[in-house]
Amino acid sequence: MDLLSIQGSVDTTPLLSLPSPIEPLSFEGRSLFLKRDELIHPHFSGNKARKFHYFLTHQFEGITTLISYGSAQSNAMYSLSVLAKIRGWRFCYFVEHLATFLEQNPHGNYHGALVNGMELCIGKPPQSIDNHTLMIEEGGRQAESEWGLRVLAQEIEEWRVAQGFESLTIFLPSGTGTTALFLQKALNHLAKGRSRVYTTPCVGDRAYLTAQFTMLCRDTHHHPTILSLDKKHHFAKLYKENYKIWLKLQQQTGVEFDLLYDPLGWRTLLAHSELFSTQTPILYLHQGGVLGNESMLPRYQRKYKDLA
Ligand SMILES: *Cc1c(COP(=O)(O)O)cnc(C)c1O
């Protein structure tokens, strides 16, 4: 049965492929494990599926409309369009502006969301909403995200125990830091802090990410460890090093990663060789976002013709 065809259904959990598989992976001579959250469902996957899991599986009495805001190419926007379609909600999405090129040539997440019935509004989201409307913060940066990340932590913890590992080093790249923070917090509760979450800021700098963590949770015990490269990095800018590592990942692992977060994630992880010199296995979290490559990949291909 197709998840998208079930209007207004509530218990959709069995349609998501959970737990997502964990597979051994070898890259650049390093051995690690990959948690494949991009395989949860063709249209609802990655960390957005984890963050919005709560909204998929709980009753929302009287809700008819979902509102959110952010960029016109975001992975969150696309996942919310799927969520709204499944739940039979109207979906109104606010953007500050819409690039003319994108408006005239819809592609990637933007195109997918329009096909799912998203109504795009230019401007700021409303300050107050009525009780038929549900507002989800930009990128799912909100308390309800914790629910789905507890499910993820549970899956990881059950796998760790089954494998007989003492602890794990978990790595994922961050935007708002919501995924990394709630994952560390849930693991602390489940396994008394045996496993540590490491992350790197892709959107802002270290100070921005720390501020995000603090906003979501004051207790610094639950804050993931932040790793970074020395060079400054601008989100969504085209870097040759990012494209190179993305191509290498494809060649060596056969897995398609996202082009916005994962290249910096992998570069940062590989640069911290000390993480590989302990007995603790490393688990990389694939957070989905592959549909967004439809807009990023042609830009990379045009800019670095020599590489592809
Ligand atoms: C949204 C997203 C992130 C960032 O997640 P946060 O919870 O905001 O840190 C990372 N990777 C991918 C592929 C994403 O779609």
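Whatever order the structure lists ligands and atoms in, that order sets their numbers, starting from 1. Along the sequence shown, residues carry numbers from 1.
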Report task. Please work out whether any backbone atom (N, CA, C, O) or any side-chain heavy atom from C-beta onward of Thr178 is under 4.0 Å from ligand 1, and answer side chain, backbone, both or neither. Result -> both
Query raised in the report: Just which atoms of ligand 1 are under 4.0 Å from any heavy atom in Gly288?
Result: 13 (C)
Report summary line: In ligand 1, the atoms that come under 4.0 Å of a heavy atom of Gly175 are 4 (C), 5 (O), 6 (P), 8 (O), 9 (O)
Query - Side chain proximity check, Pro281 to Phe33, heavy atoms < 4.5 angstrom - result: yes
Requested in this report: State whether the shortest distance between N or O atoms of Gly289 and N or O atoms of ligand 1 falls below 3.5 angstrom.
Outcome: no
Report task. Look at atom 3 (C) of ligand 1 and find which of Asp37, Val203, Asn47, Leu216 reaches it with the closest heavy atom. Result -> Asn47
Query raised in the report: Quick check: are there more than 12 heavy atoms from other residues, nucleotides or ligands sitting under 6.0 Å from CD of Glu274?
Result: yes
Query raised in the report: What protein heavy atom is closest to atom 12 (C) of ligand 1, reported as residue, atom name and distance in Å?
Result: Tyr261 CD1, 3.4 Å
Query raised in the report: Under a 4.0 Å N-O cut-off, is there an ion pair linking Glu155 with Arg50?
Result: yes
Query - Region of Lys51 that comes within reach of ligand 1 [heavy atoms, distance under 4.0 Å] - result: side chain
Requested in this report: Report yes if the side chains of Leu120 and Tyr110 come closer than 4.5 Å at any heavy-atom pair, otherwise no.
Outcome: yes
Query raised in the report: What about Tyr284 and Phe27, are their ring centers closer than 6.0 Å?
Result: no
Report summary line: What one should report as the nearest heavy-atom pair of Val255 and Gln250 is O-OE1, 3.5 Å
Query - Close approach, Ala180 and ligand 1, non-hydrogen under 4.0 angstrom - result: no
Query raised in the report: Is the shortest N/O to N/O distance between Gly139 and ligand 1 below 3.5 Å?
Result: no
Requested in this report: Please confirm whether Lys48 comes within less than 3.5 Å of ligand 1 when only nitrogen or oxygen atoms on both sides are compared.
Outcome: yes
Query - Side-chain donor or acceptor of Trp89 paired with backbone N/O of Ile63 under 3.5 Å - result: yes
Query raised in the report: Heavy atoms, side chains only, cut-off 4.5 Å: are Tyr243 and Gln301 in contact?
Result: yes
Query raised in the report: Can you list the atoms of ligand 1 that are under 4.0 Å from a heavy atom of Asn75?
Result: 13 (C), 14 (C), 15 (O)
Requested in this report: Output, in order, the C-alpha distance, side-chain angles, deciding distance and verdict of side-chain contact (heavy atoms from CB on, under 4.5 Å) for Tyr239 and Leu264.
Outcome: CA-CA 10 Å; Tyr239 293 94; Leu264 187 62; over 6 Å; no
Report task. Under 4.0 Å from a heavy atom of Thr176: give me the atoms of ligand 1 that qualify, with their elements. Result -> 6 (P), 7 (O), 8 (O), 9 (O)
Requested in this report: Return a yes/no value for Thr179: is any of its N or O atoms, backbone included, closer than 3.5 angstrom to an N or O of ligand 1?
Outcome: yes
